[in-house]
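Each remark here refers to the structure printed beneath this line.
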Number of protein chains: 4
Amino acid sequence: MSPRTEETNQRIREEQRQHILHAARKLFAHRGLIATKMTDIANAADVSYGLAYHYFKNKEEIFTTLVERALDGTVSIMEQARSMPGTPLDRITWLGSQMLEGLKDQPDYTMLVLQTFTSEAVPQRLRERALEQSMAFLDTLRQLIVEGQEAGQIVAGNPDYLASAFSACMQGLAVGHTFYGSVYPVYPDLNTIMHLLKP
Amino acid sequence: MSPRTEETNQRIREEQRQHILHAARKLFAHRGLIATKMTDIANAADVSYGLAYHYFKNKEEIFTTLVERALDGTVSIMEQARSMPGTPLDRITWLGSQMLEGLKDQPDYTMLVLQTFTSEAVPQRLRERALEQSMAFLDTLRQLIVEGQEAGQIVAGNPDYLASAFSACMQGLAVGHTFYGSVYPVYPDLNTIMHLLKP
Amino acid sequence: MSPRTEETNQRIREEQRQHILHAARKLFAHRGLIATKMTDIANAADVSYGLAYHYFKNKEEIFTTLVERALDGTVSIMEQARSMPGTPLDRITWLGSQMLEGLKDQPDYTMLVLQTFTSEAVPQRLRERALEQSMAFLDTLRQLIVEGQEAGQIVAGNPDYLASAFSACMQGLAVGHTFYGSVYPVYPDLNTIMHLLKP
Amino acid sequence: MSPRTEETNQRIREEQRQHILHAARKLFAHRGLIATKMTDIANAADVSYGLAYHYFKNKEEIFTTLVERALDGTVSIMEQARSMPGTPLDRITWLGSQMLEGLKDQPDYTMLVLQTFTSEAVPQRLRERALEQSMAFLDTLRQLIVEGQEAGQIVAGNPDYLASAFSACMQGLAVGHTFYGSVYPVYPDLNTIMHLLKP
DNA sequence: CATGAATGAGGGTTCATTCAT
DNA sequence: TATGAATGAACCCTCATTCAT
């Protein structure tokens, strides 16, 4: 009865959605929600802008979908780091490697979360969730650091300072890579960064 | 006829300019060039939007003025760090303290430079200058690090990695403070950050 | 190869056409040509919007088909009233009963004709025809009224006024029923309305 | 301090508002909320469409303002008819004369209320208020008719039918005048219409 | 110097219509 | 016959900017 099978349509839909999301990610990461035009997204995805509205209610929904994906990723890593076996240093090292890898592969996602804070146009709900997640992340990190200090594996000092510095470093790398990664494509290795926390 | 002396007018002009610039800084830092509306700036500065056009040709000029001010500040610090007397570590430490202080007092300026990269609306010239400056800053930092390593004051390792990590840390702090400084107002002290470079 | 006979296809075609027309009628009557979306029509008819274009060239054609059907109905009644035997009052009474019945059964059709006047999107030709028909109807009515007055069956007075009032009453009932028929489902009987014309 | 006095601005604002409302009234009455474009309103009012947004939040607000004005007018007439001295017939006659006059002067307002029912775009609140008002009006009318019947001044018969027919007649005149008033500019006089209710 | 009325380019979004399957 | 993916014209609205006062 159906001219294209339902299955085919399903596949097309899913592919196009991902296609558009992928194109939007880079743009949102670089320019933010407001400064990114739907036309830009459509052009980057090589579809008409009308089609984008076939798949997403509006620009905000594309943005929100992406940011939630990013937040989910962070949550997942955080939970693993908290619950995994090993010494505190092992776990912080694992966490750091995950983050650094994420930054290298997709610095966009980190920038997206930051963009969440830069515009009134972002739905309040999303901004709140992003903020909570960020705070939760710092908390987890601080907790691991305290444990590490107790085990003598982490340098002494205010754990808030250490968590803040470590996290800032990661965040700064994402920002840096997004904006001058093409001109200065240097990524420090994990050792360099972990040195921040070593005794 | 005129109840105001020319001098008074001069003073008023200058005060209003600064007033508007000051109001615009926070807004641009948080929202970027495009998402910041002239009305917002005028409201924040408590003047009519028409008046803003007496003092600045357009929105771009306000933005440009602010970014150039920020870049000039960076250049000045950089040059001092390069030419000042003392051991390499002394000079890096001084540079770090200047940056950290700047971030605490006015994280806006750092964000402004980042915003420069986020929008096509920014004049090409300005973006180029900001990029050059950023690269020059990393270069200076790397140079000091190399000198410090030769003097045995800085930890061994790829100086590019070290410079990149150190710089990312500072940048990350600015971003973090701008966006969740009000919720998580923790600033690491200089020692914590300098630990990144210590042997 | 084809499991369906040509005849069956014929029947399906005709049924679907009527189905779509029926669904469109209510929507057009309530919302007008522009505010009624093809998607709405398709949904109401329980077909895909693509299918609607198999049966009709475009939205305008659906609207036009419906309005013409409405106008044809009016013409037919008018002609019968003009040519039927009986006293003038008999014929006016018959005309009134036909109208009232039509309004009760399908107030949509009357509204459709009104909608014809509300939008530039309606083809000029159709609007003109609707206007002509309306004028012709008033003319016929006035003619019957004059005859009735001569026969002493209709109250004295300006026949234009009488025709206009009588016609307005009918039109008003259609409008009223369409828009608050569900809240105030009262229909006056023919006697009440005919009283307008009785001596 | 102010270049134009506040008073002057006040006046300009008020004049322009009325100007735009006036232009919008005819258009909304003829075409409804959705089919009336802001550009049309602006053109009719001889201002840029941007200016319309200086004075009204959006198209809906213009429409709402007009409809509320119309409803207020109806309420006022209704209340006067209910509370004024005189016999029931006197009061119905006064009510009829007010309505007929209103229809002649500004059939637009009556059409506006009808348009309220034709589009989902109209705020629910407004539609509800319009419906209530319409029902209240019919109620008032029916009440007066009952009193008139008791006084022997109104023809016997179902008062709901009488009220409905009388009201339909008025409404139909507004519709008719709006849509073919220019071609058939006949208005029945009050006597013709009142005959509907006379014994 | 200061205000805010006025303009219109530009961007978000809707929806009629086409067309591959 | 039937579907819905895809396109783009057209409309709503925002906001940078101009200018009369």
Side-chain angles (χ1 to χ4, degrees), chain A residues 1-6 8-10 12-13 15-16 34-42 47-60 121, chain B residues 2-4 8-9 12-13 16 34-42 47-60 62 121, chain C residues 2-4 8-9 12-13 16 34-42 47-60 121, chain D residues 1-6 8-13 15-16 34-42 47-60 121:
Chain A
M1 196 72 92
S2 210
R4 270 193 216 110
T5 61
E6 181 54 28
T8 307
N9 272 334
Q10 274 300 316
I12 290 176
R13 285 191 72 80
E15 277 175 15
Q16 292 283 41
I34 292 188
T36 300
K37 321 286 179 230
M38 280 301 266
T39 307
D40 299 336
I41 295 176
V47 298
S48 71
Y49 58 84
L51 192 60
Y53 286 94
H54 207 69
Y55 290 109
F56 298 92
K57 191 154 63 66
N58 51 29
K59 189 165 72 164
E60 190 185 293
Chain B
S2 171
R4 289 196 197 124
T8 308
N9 271 338
I12 289 178
R13 278 194 71 81
Q16 290 281 40
I34 291 188
T36 300
K37 289 141 205 165
M38 280 300 266
T39 306
D40 296 336
I41 295 176
V47 298
S48 71
Y49 58 84
L51 191 58
Y53 285 90
H54 266 276
Y55 292 109
F56 299 93
K57 190 154 64 69
N58 51 31
K59 188 165 76 163
E60 192 184 290
I62 304 181
Chain C
S2 173
R4 288 195 199 123
T8 308
N9 271 339
I12 289 178
R13 280 194 72 79
Q16 290 281 40
I34 290 188
T36 300
K37 289 141 205 163
M38 280 300 267
T39 305
D40 296 335
I41 296 175
V47 298
S48 71
Y49 56 85
L51 191 58
Y53 284 92
H54 265 276
Y55 292 109
F56 299 93
K57 189 154 64 69
N58 50 30
K59 188 165 76 162
E60 194 185 288
Chain D
M1 197 72 91
S2 213
R4 271 192 216 110
T5 60
E6 180 55 28
T8 308
N9 272 333
Q10 275 298 316
R11 193 173 42 70
I12 290 176
R13 285 190 71 80
E15 278 176 15
Q16 292 283 42
I34 291 188
T36 301
K37 323 286 179 229
M38 280 301 265
T39 307
D40 298 336
I41 296 176
V47 297
S48 70
Y49 59 82
L51 192 61
Y53 287 94
H54 208 67
Y55 290 110
F56 298 92
K57 191 155 62 68
N58 50 31
K59 190 165 73 163
E60 189 185 293

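Throughout, a chain's letter reflects where its sequence line sits, starting with A, and its residues are numbered from 1.
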5' precedence on DNA chain F between B/Thr39 and A/Arg13 (nearest-nucleotide basis): A/Arg13
Which residue lies more 5' along DNA chain F, comparing D/Thr8 with B/Thr36 via nearest heavy atoms: B/Thr36
Length of the [atom1]-[atom2] vector between [X] and [N], whole Å:
X: C/Met38; N: F/dT7; atom1: CE; atom2: P; answer: 20 Å
X: B/Ile62; N: F/dT17; atom1: CD1; atom2: C1'; answer: 12 Å
X: A/Lys59; N: F/dC12; atom1: NZ; atom2: P; answer: 20 Å
X: B/Asp40; N: F/dA16; atom1: CG; atom2: C1'; answer: 12 Å
X: B/Lys37; N: E/dG11; atom1: NZ; atom2: P; answer: 14 Å

Watson-Crick or G-U wobble mate for E/dT21, both contacts under 3.5 Å: F/dA2
Watson-Crick/G-U partner (both atom distances under 3.5 Å) of F/dG8: E/dC15
Earlier contact from the 5' end, DNA chain E, for C/Ala35 and A/Glu60: A/Glu60
Toward the 5' end of DNA chain E, by each residue's nearest nucleotide, D/Val47 or A/Ile34: D/Val47
A/Tyr53 versus A/Asn58, closest heavy-atom pair with distance: CE2-CA, 3.9 Å
Selected nucleotide, minimal atom distance to A/Ile12 side chain, candidates E/dA6, F/dA5, F/dC13: F/dA5
Residue-phosphate contact under 4.0 Å: D/Asn9 side-chain N/O, E/dA5 OP1/OP2: yes
B/Gln16 side-chain N/O to E/dC1 phosphate OP1/OP2 under 4.0 Å: no
Within this structure, what is the [atom1]-[atom2] distance for the pair [X] and [Y], rounded to the nearest 0.5 Å?
X: C/His54; Y: C/Ser48; atom1: NE2; atom2: OG; result: 8.0 Å
X: D/Gln16; Y: D/Arg11; atom1: CD; atom2: CZ; result: 10.5 Å
X: D/Glu60; Y: D/Ile34; atom1: CD; atom2: CD1; result: 11.0 Å

Close residues, residues 48-58 of chain C, relative to DNA chain E [heavy-atom separation under 4.0 Å]: C/Tyr49, C/Tyr53, C/Asn58
Residue pair D/Tyr49 / D/Lys37, side-chain heavy-atom distance below 4.5 Å: no
